[in-house]
Amino acid sequence: MPKPFASSADLSDKTPTLEVLADGVYALTAEGDPNVGAIEGEDFLVCFEALATPVAARDWLMVLRAYTDKPIRYLVLSHYHAVRTLGASAFGARTIIAHDRTRALIAERGKQDWESELGRMPRLFKNPGSIPGLTWPTVTFSRTLSIDLGGDRGELDLAYCGRGHTEGDIVAWLPRQRVLFAGDLVETQAALYTGDAFHRDWAGETLEHVAGLPAEALVGGRGAVAHGRDEVRAAIGQTRDFLDVMIREVTAVKKRGGALKDAFQAVHGALAPQYGGWPIFEHCLPFDVSRLWDELNGVERPRIWTGERDRQVWSELQD
């Protein structure tokens with residue numbers, strides 16, 4: 001029996017968990033679904049990530065409103081993927097912040113990515129008809145941007161750590177509270193999606209930059225919150241190991257003259273014993289290996305995913 005395409009058969013709702021990580025610092029996780037967060041300023045809110053649709057985002061905001069009624073002034077997008085951006089209209093934020101390259105990626109491939117992710121992960125697109133269109137940042141930056149939270153709350157530092165999950169990922173760091181929202185640059189007991197990645201940069205300097213922040217709580221893109229330095233180090237280490245194994249196995253197949261499907265089988269065999277039971281592992285791996293194969297063949301920037309290309313890669317590698 002062929003495996004169901006991507007996450008098309010994953011139709012069961014996940015249980016959300018809201019955690020208060022510090023005074024006015026919130027994270028919502030949901031058993032491997034995309035994580036979101038919020039940070040209170042003195043008289044405003046900063047929200048981190050937008051989810052896939054306005055209806056899905058409103059469900060998150062209803063949970064958040066049990067804790068704070070402050071108006072949302074800023075919405076921060078860690079990167080361009082549809083499940084992270086298309087719910088933005090629900091927040092009513094006057095300022096939507098992303099990296100310069102994220103805005104460029106939305107312009108270049110946002111429509112195709114929307115089509116692709118809707119087909120791959122239909123459950124996350126709760127009432128897709130509520131999406132008014134692509135989300136466009138109103139403020140972008142290249143290296144760092146800080147938001148003064150007011151009073152004694154300190155600052156929220158947004159930083160570009162280098163190419164990784166995409167070419168425009170940013171993290172949100174609270175130095176006073178030592179809480180890091182890492183986006184999909186780090187996953188906590190969830191498989192990595194690397195279909196738009198720069199694997200060697202990510203596994204090297206980018207994660208070194210992330211690890212250099214002395215976080216005592218880390219909210220990854222998916223999975224549970226990492227609490228304490230040991231769990232933070234473990235989450236970053238798991239992310240690096242996943243990438244290192246992929247690079248090692250695909251490089252070995254290329255050196256011996258193998259084909260893309262050989263590389264997929266080698267990576268699957270090497271990763272499955274440790275990571276195979278984690279969320280979206282089977283979904284991600286064909287797209288991950290396809291991108292890494294391209295990268296090692298000198299394709300510098302990821303090719304654009306479309307619904308048609310998704311199905312072709314899946315059929316070639318996973319069926």
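Hydrogens, waters and symmetry mates play no part in the numbers below; they use all other heavy atoms, side chains included.
Counting heavy atoms of neighbouring residues, nucleotides and ligands inside a 6.0 Å radius, atom CD of E205 does not exceed 12 of them. Atom CD of Q189 sits in a sparse spot, with 12 or fewer heavy atoms from other residues, nucleotides or ligands closer than 6.0 Å. The number of heavy-atom neighbours closer than 6.0 Å to CZ of R94, taken from other residues, nucleotides and ligands shown, is 12 or below. No more than 12 heavy atoms of other residues, nucleotides or ligands lie within 6.0 Å of NZ in K126, so this atom counts as exposed by the packing criterion. For CD of E308, the number of neighbouring non-hydrogen atoms (other residues, nucleotides, ligands) closer than 6.0 Å is 12 at most.
At distances below 3.5 Å, at least one donor-acceptor pair connects side-chain atoms of W202 with backbone N or O atoms of L185. Remark: side-chain polar atoms of E42 are paired, donor with acceptor, to backbone N or O of G151 under 3.5 angstrom. A donor-acceptor pair is defined here as one N or O able to donate and one able to accept, closer than 3.5 Å; no such pair exists between the side chain of D196 and the backbone of T166. Judged by distance alone, with hydrogens and angles left aside, the side-chain atoms of E187 form no donor-acceptor pair with the main-chain N or O of L192 at under 3.5 Å. Of the possible donor and acceptor atoms, none in the side chain of D241 sits under 3.5 Å from a partner among the backbone N and O of G237. Without hydrogens or angle criteria, H99 side chain to R101 main chain gives a donor-acceptor distance under 3.5 Å. For the pair H81 (side chain) and D113 (backbone), a donor-acceptor distance under 3.5 Å is absent.
Annotation: F281 is in aromatic contact with H268 [ring centroid separation under 6.0 Å]. Aromatic pair W278/Y275: ring centres closer than 6.0 Å.
Relative to the six-membered ring of F287, R120 meets both conditions, a distance below 6.0 Å and an angle of at most 45° to the axis. A cation-pi contact links R291 to F198, judged by a cut-off of 6.0 Å to the six-membered ring centre and 45° from its axis.
Atom OG1 of T206 and atom CZ of R163 lie 8.5 Å apart (nearest 0.5 Å). Rounding to the nearest 0.5 angstrom, the gap separating the CZ atom in F44 from the CD1 atom in I39 is 10.0 Å.
Looking at R73 and D43, a side-chain N of the basic residue comes within less than 4.0 Å of a carboxylate O on the acidic one, giving a salt bridge. Comment: D184 engages R84 in a salt bridge, judged by a side-chain N to carboxylate O separation of less than 4.0 angstrom. Under a 4.0 Å N-O distance rule, the pair D152/R176 does not qualify as a salt bridge. At a threshold of 4.0 Å, the pair R240-E208 counts as salt-bridged, since one of the basic side-chain nitrogens sits closer than that to a carboxylate oxygen.
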Walk me through it: do S146 and D157 pass the test side chain to side chain donor-acceptor pair (under 3.5 Å)?
CA-CA 4 Å; S146 291; D157 295 331; 2.7 Å; yes

Are Q177 and D23 close enough, and set up right, to give a side-chain contact (heavy atoms from CB on, under 4.5 Å), and what steps lead you there?
CA-CA 8 Å; Q177 298 85 352; D23 181 28; over 6 Å; no

Residue pair K14, E31: steps toward the salt bridge (charged side-chain N to carboxylate O under 4.0 Å, His left out) verdict
CA-CA 6 Å; K14 310 301 181 188; E31 301 181 307; 5.6 Å; no

What verdict does the side-chain contact (heavy atoms from CB on, under 4.5 Å) test give for L77 and L75, after you've listed the backbone C-alpha separation in whole Å, the side-chain angles of each residue and the deciding distance to 0.1 Å?
CA-CA 7 Å; L77 306 176; L75 174 62; 4.1 Å; yes

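Under the 4.5 Å side-chain contact rule for hydrophobic residues, I247 and V253 share a cluster. Cluster annotation: V250 is connected to F264 through the hydrophobic network of ILVMFWY side chains, with a link wherever side-chain heavy atoms come within less than 4.5 Å. Both F141 and L156 belong to a single network of hydrophobic side chains, linked directly or stepwise wherever heavy atoms of I, L, V, M, F, W or Y lie under 4.5 Å apart. Both V36 and L61 are members of a single hydrophobic cluster when ILVMFWY side chains are connected at heavy-atom separations under 4.5 Å. In terms of hydrophobic clustering, with Ile, Leu, Val, Met, Phe, Trp and Tyr side chains grouped at heavy-atom distances under 4.5 Å, L174 and L45 are assigned to different clusters.
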